[in-house]
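Owing to the predicted nature of the structure, the values given are computational and were not obtained by experimental measurement. Chain naming here is simple, since letters A, B, ... match the order of the sequence lines and numbering starts at 1 in each.
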Protein chains: 4
Amino acid sequence: MKRARVAIVGATGYTGSELVRLLSEHPHAEIGAITSRSRAGEPFSAVHGAFRRLADQVLVQADALPSREIDLLFLALPHGTSMDFVAAQPTDGPPIIDLSGDFRLPDPAAYTEWYGAEHRAKDRLEEAVFGLPELFRDQVRDAKLVSNPGCYPTCAILALAPLLRRGLVRPSGIIVDAKSGVTGAGASVKASTHFPDVFGDFRAYKLVRHRHTPEIESALSRVAGTDVQVLFTPHLLPVDRGILATCYAEPTGEADTDSLRAAYREDYADEPFVRLVEEPPSIKQVRGSNYCDVQVTYDPRTRRVLALATIDNLVKGAAGQAIQNMNLLFGWPETTGLTQGPLTP
Amino acid sequence: MKRARVAIVGATGYTGSELVRLLSEHPHAEIGAITSRSRAGEPFSAVHGAFRRLADQVLVQADALPSREIDLLFLALPHGTSMDFVAAQPTDGPPIIDLSGDFRLPDPAAYTEWYGAEHRAKDRLEEAVFGLPELFRDQVRDAKLVSNPGCYPTCAILALAPLLRRGLVRPSGIIVDAKSGVTGAGASVKASTHFPDVFGDFRAYKLVRHRHTPEIESALSRVAGTDVQVLFTPHLLPVDRGILATCYAEPTGEADTDSLRAAYREDYADEPFVRLVEEPPSIKQVRGSNYCDVQVTYDPRTRRVLALATIDNLVKGAAGQAIQNMNLLFGWPETTGLTQGPLTP
Amino acid sequence: MKRARVAIVGATGYTGSELVRLLSEHPHAEIGAITSRSRAGEPFSAVHGAFRRLADQVLVQADALPSREIDLLFLALPHGTSMDFVAAQPTDGPPIIDLSGDFRLPDPAAYTEWYGAEHRAKDRLEEAVFGLPELFRDQVRDAKLVSNPGCYPTCAILALAPLLRRGLVRPSGIIVDAKSGVTGAGASVKASTHFPDVFGDFRAYKLVRHRHTPEIESALSRVAGTDVQVLFTPHLLPVDRGILATCYAEPTGEADTDSLRAAYREDYADEPFVRLVEEPPSIKQVRGSNYCDVQVTYDPRTRRVLALATIDNLVKGAAGQAIQNMNLLFGWPETTGLTQGPLTP
Amino acid sequence: MKRARVAIVGATGYTGSELVRLLSEHPHAEIGAITSRSRAGEPFSAVHGAFRRLADQVLVQADALPSREIDLLFLALPHGTSMDFVAAQPTDGPPIIDLSGDFRLPDPAAYTEWYGAEHRAKDRLEEAVFGLPELFRDQVRDAKLVSNPGCYPTCAILALAPLLRRGLVRPSGIIVDAKSGVTGAGASVKASTHFPDVFGDFRAYKLVRHRHTPEIESALSRVAGTDVQVLFTPHLLPVDRGILATCYAEPTGEADTDSLRAAYREDYADEPFVRLVEEPPSIKQVRGSNYCDVQVTYDPRTRRVLALATIDNLVKGAAGQAIQNMNLLFGWPETTGLTQGPLTP
């Protein structure tokens, strides 16, 4: 089989380096180019030292991309930059998988509200497909522009979707108390990620106003067929990778743990990357892998459903899911290149 | 002033060593004896190496306690063992501050339900005072038996009390999503605290059945004057010390952040150890100190109140609070010996 | 190509689970059986939860191994147990790669001295090959019994070998100051690996008497053609994986950094898993991979050579190297199944 | 007793905040002023949130210091800035304890060589006393300008001084392999202290050229009465606080562990902050305290002496030692305000 040539646009962040890590093992894809505005001319491994010998190719400017020879573009750019890049692409160009937040909210007004800026690629936004394969697999197959979900949303949506699809819980009053490792904050150096302050610490941040809120609500609303509202609270875990979402919802009728688990088993029976677990899921048991571990349980005392899920934010929450989407786009088996087990302990 | 002589019963755990750390700096108390069943005859510092030179006194068997010369007993014993020890004490003995869970639930039936054993000191249970000074200060002053609150309950109750006291939130449907450092699991070696498995990991545990649930409910019910029900979810944080409780409740009427904060300021105005903060509280900013940092905020979008609090589980959540209770019992200023600032970074 | 069927003897430790992780990705090998004395009858993933779905096969007792159908045995057993297992195998059985320390010291008297027990498989010891491919590749190809090197020795020997092979440093007075993540202490729960004590801590252990000392000396002596003596000091790093060895040696003649680096480049030119670096190597840049990063430098002021190396103790220091040895034994390209990049950050 | 009023010049770093933490507990000193160039006008606790309520005083510009009313100045300024500040002070001003590196090397030429700049306060340099009380206590008592030692030097010098004072080891060929928590790199945000990169990592840095090298040599040379040369290798430990120095030296004559320990006991018999230990010292067992734990041992096999020491780099390695020096200057008992035990676990 001729290998597909893919380009990674934006190389200095963690989603960029994680794409390189995973694509290096992919049997049908090869990296045709990696771009960087600030580090063009240097080898990729000069930016990410761990990749010495594995990925020494020289970074190029985005405008020097050999577009004719590229079969797919992964955009690992900051919010804002990404939509401008997309807007500048020819419509008959190769398909795009965008890992930024720019195309995740179908409604441009929501973008303005939560991102604080006008959307600058509204026509492309209309055709963008939300790339969560477990929910929207069929649409991804035919997409020209896949918007790769955020890390928190991937975790929270997979935890809650079966409940909302079946109307088992009320669509409001849902709590998503989520905790993420620090790579979720990106590779840029900032005060909030200074090691001596984060080590041994734990705290919430961006209470009631994190941008992943409308993304979770938008996807779950489509699943539920009605407006879903969640209160989403992110916390910064003093680890590098991993997200745990602990979700609470109120059942609409009678409930018990066994029937909830049966519903999840039915919904996720054929999902290669969702593992249903009966003990609280652990972020380390998915580290480095594309798995999402999910547990659901019921508390008859307080009449609440608990749904917990864990992912590696850089894999199922970013680069791994992007490759899963690429596999769908190219018609390859969905697990291709994503079979690496968790790195644990 | 003649110094009070106190005894610490049970030396091998972390509450024992933390009591020694804090009492070493207390101007009015001195450690008369420290007991240990398994390590009697050895210096305290042979068990806790960090205390070399600071606390080299020899551990004695509990039955060798010089009771006549002891003015107060701190019990740092496991659940179950503690109530047997209390039952065996003469009623005219020195006051007792018990750090176990044995005397925290006023109703012995609740003890049986959550601890899985019959309570064996019911008469002493009746007189036990729940030693959370911010709520029950006056009763502590006259107590013969103070039951020192659990770590999670201290944090959750201080986060939620102003809301429930004033009827600002509904007494059911409350979520306490709490995260604790590993010292909360004790000094005994166990599989769940093996370093390679906990490092880089994060997970919930004991869903819907943790023993601190009825303790939180019992104290908040007294505050509210009505039955309060909480869904409490503990998580294991990969750090040594610190608890963050993220609490969610539904307002009974109109609400906004400003008026909620005003209520908290009023309730906690004179509390030396409660600090109201306007950014999400951090566990490291209370590390090693007796502070409890509390933030309350309102989400008008989802109509939910968020109350967050952090403590050091071994200080305000155990040994520090025990000393605060001792200060009350002896009529000393409540902050005596507890003025050490947080160790941060 | 028909896949080779391998068996893993001993499943509960970290070398066992790491072998499963890596073999799952190997194109030419499949796991025919995994044994466990204590957990036989349970699925592998019941012991190592992260491997749910990836490795759910049922563990068997070692004496139930289908030996006829097994092409190679990996022994992931404790010291002592391993030599008894080997002694009980038929001499015409499948080749064995032993990951314990039992066959690493050619001289049985050294075994007695450092392991405190008589060697119980001396005839097999004679034929055992020290499986460090970078030094003894040719012998491994024809071996019946490969003794997989220890984690510290792998790191220290690869750091120092070029210096000793060429007589560039004196064979005595060599210091190996090494630091290892806690997985090096194994999966068994013990006081020294209790999370609250190790978190935020760092200390040396087993000063001047660690069993890896004679293993380092033995291999380097063969390389040097003369007796080499090292002072080896292990330290416990509060991380899960990774070893850094910082080595000091006295040059025999004139020295400078450039010529030292040239020597290393020459020796390691064709080594797929040794990466020469010019900045101090990092354990995270090899995490999860089979790489060994090596730096050499010279201090003209004090006239000392510094050689630093990092590995992942569970990969190049254990399971990865074992698979590298399997590849040699079966005549496959040495990197087969070992091309996964480092998991970083 | 009238309290001494001290000023802290430079408030945004960790040595500044640690001085505040410790001085808050000092019975004879009070903080008269804290300065900051960049944050003047804000409360100290706005910079260091953990100090809310403990230290809310407003920061002032250094030129607004009420010098008449200040009895002592602690300088917590960067290298270079500090000597300019000292040069500008009147010679009859209050005594100064400088925590920067500017006055640690008696020879201005050494300053130029290792700091890459001309010394700009040479006359004050001449009178500066190296404030390591265990070695130079008598000179500190009468000093006008105390140069507080660096963190690594404090640890290494205390580990090695008894050996060199008595001529027990050769003054060259000494190795100091040291490991420090990340607070040693300061409070300023930089790429090398980005949490995701440091977490789970470990590496050496500044091989053979760290500025603490001449500081260690200078102090040990004075102790030895001859030129001492050390090869110093710093490593970055993924923890917040703590230094372990593992030192290697060659004995000049016969040696054994018992007699070495006897020498250390003799030298450190009356030292309140040096604890001799017989097991490898632990950084967590000194965390937050002014202790330095020291172990010496001998390896008869390789004929080398090992001396290991641990400190908290921000306490005995910075602020605690500065207060110890203040106590000496003012004639107070040396342990005043420094009796807090280690925070452990």
Side-chain angles (χ1 to χ4, degrees), chain B residues 13-14 17-18 20-25 27 45-46 48-56 181-184 186-187 193 199-200 238-241 271-289 291 293 310 312-315 335 337 339-345, chain D residues 13-14 17-18 20-25 27 45-46 48-56 181-184 186-187 193 199-200 238-241 271-289 291 293 310 312-315 335 337 339-345:
Chain B
Y14 293 142
S17 65
E18 195 72 358
V20 171
R21 180 177 78 87
L22 293 168
L23 287 168
S24 302
E25 292 291 293
S45 55
H48 300 283
F51 289 87
R52 258 179 248 106
R53 185 173 299 183
L54 272 172
D56 293 323
V182 185
T183 52
T193 56
F199 177 82
V239 304
D240 47 10
R241 291 167 178 251
E271 288 304 335
F273 295 118
V274 179
R275 300 191 296 192
L276 299 176
V277 296
E278 307 208 341
E279 291 299 313
S282 137
I283 61 169
K284 196 162 186 179
Q285 291 193 356
V286 298
R287 182 170 70 168
S289 82
Y291 285 121
D293 283 0
T310 51
D312 183 320
N313 56 300
L314 293 182
V315 188
T335 57
T339 53
Q340 297 188 12
L343 189 78
T344 165
Chain D
Y14 293 142
S17 66
E18 195 70 359
V20 172
R21 180 178 78 86
L22 293 168
L23 287 167
S24 302
E25 292 290 294
S45 55
H48 300 282
F51 289 87
R52 258 180 246 108
R53 183 173 299 184
L54 273 173
D56 292 322
V182 185
T183 52
T193 58
F199 177 81
V239 304
D240 47 11
R241 290 168 178 250
E271 286 305 334
F273 294 118
V274 179
R275 300 191 297 191
L276 299 177
V277 296
E278 307 207 340
E279 292 298 312
S282 137
I283 62 169
K284 196 162 189 180
Q285 292 194 354
V286 298
R287 181 169 73 167
S289 82
Y291 285 121
D293 284 358
T310 53
D312 182 321
N313 55 300
L314 293 182
V315 189
T335 59
T339 54
Q340 295 187 14
L343 189 78
T344 164

Colleague: Quick check: closest heavy atoms across D:Pro345 and B:Asp240, and the distance to 0.1 Å?
Modeller: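 D:Pro345 and B:Asp240 have their closest heavy atoms at C-OD2, 3.8 Å.
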
Colleague: Below 4.5 Å from any heavy atom of chain B, which atoms of D:Val20 appear? Answer side chain, backbone, both or neither.
Modeller: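 Contact with chain B involves no heavy atom of D:Val20 at all.
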
Colleague: In terms of heavy-atom pairs under 4.5 Å, which option from D:Leu22, D:Thr183, D:Val182, D:Val274 contacts chain B the most?
Modeller: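 Sorted descending by pairs with chain B, the first entry is D:Val274.
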
Colleague: Could you check whether any side-chain N or O of D:Arg21 sits under 3.5 Å from a backbone N or O of B:Thr344, counting only pairs where one atom can act as donor and the other as acceptor?
Modeller: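 Judged by distance alone, no pair lies under 3.5 Å.
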
Colleague: I'd like to know which of D:Ser24, D:Ala55, D:Ala187, D:Gly49 tops the heavy-atom pair count under 4.5 Å against chain B.
Modeller: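 Highest number of pairs under 4.5 Å: D:Gly49.
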
Colleague: From D:Leu54 CG over to B:Gln340 CD, what is the distance, rounded to the nearest 0.5 angstrom?
Modeller: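 So the CG of D:Leu54 and the CD of B:Gln340 are separated by 10.5 Å.
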
Colleague: Taking all non-hydrogen atoms of both residues, which atom of D:Pro342 and which atom of B:Ala50 are closest, and how far apart?
Modeller: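 Heavy-atom minimum between the residues: CG-O, 3.5 Å.
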
Colleague: Shortest non-hydrogen contact from B:Arg287 to D:Arg241?
Modeller: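 Minimum heavy-atom contact is NH2-NE, 4.1 Å.
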
Colleague: Measuring heavy-atom distances to chain D, does B:Val286 have an atom under 4.5 Å in its side chain, in its backbone, in both, or in neither?
Modeller: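 Neither part; nothing is under 4.5 Å.
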
Colleague: For the interface with chain B, which of D:Glu18, D:Arg53, D:Glu25 has the highest count of heavy-atom pairs at distances below 4.5 Å?
Modeller: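 Heavy-atom pair counts peak at D:Arg53.
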
Colleague: Starting at OH of B:Tyr291, measure out to CZ of D:Arg52 and round the result to the nearest 0.5 Å.
Modeller: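 B:Tyr291 OH to D:Arg52 CZ: 10.0 Å, rounded to 0.5 Å.
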
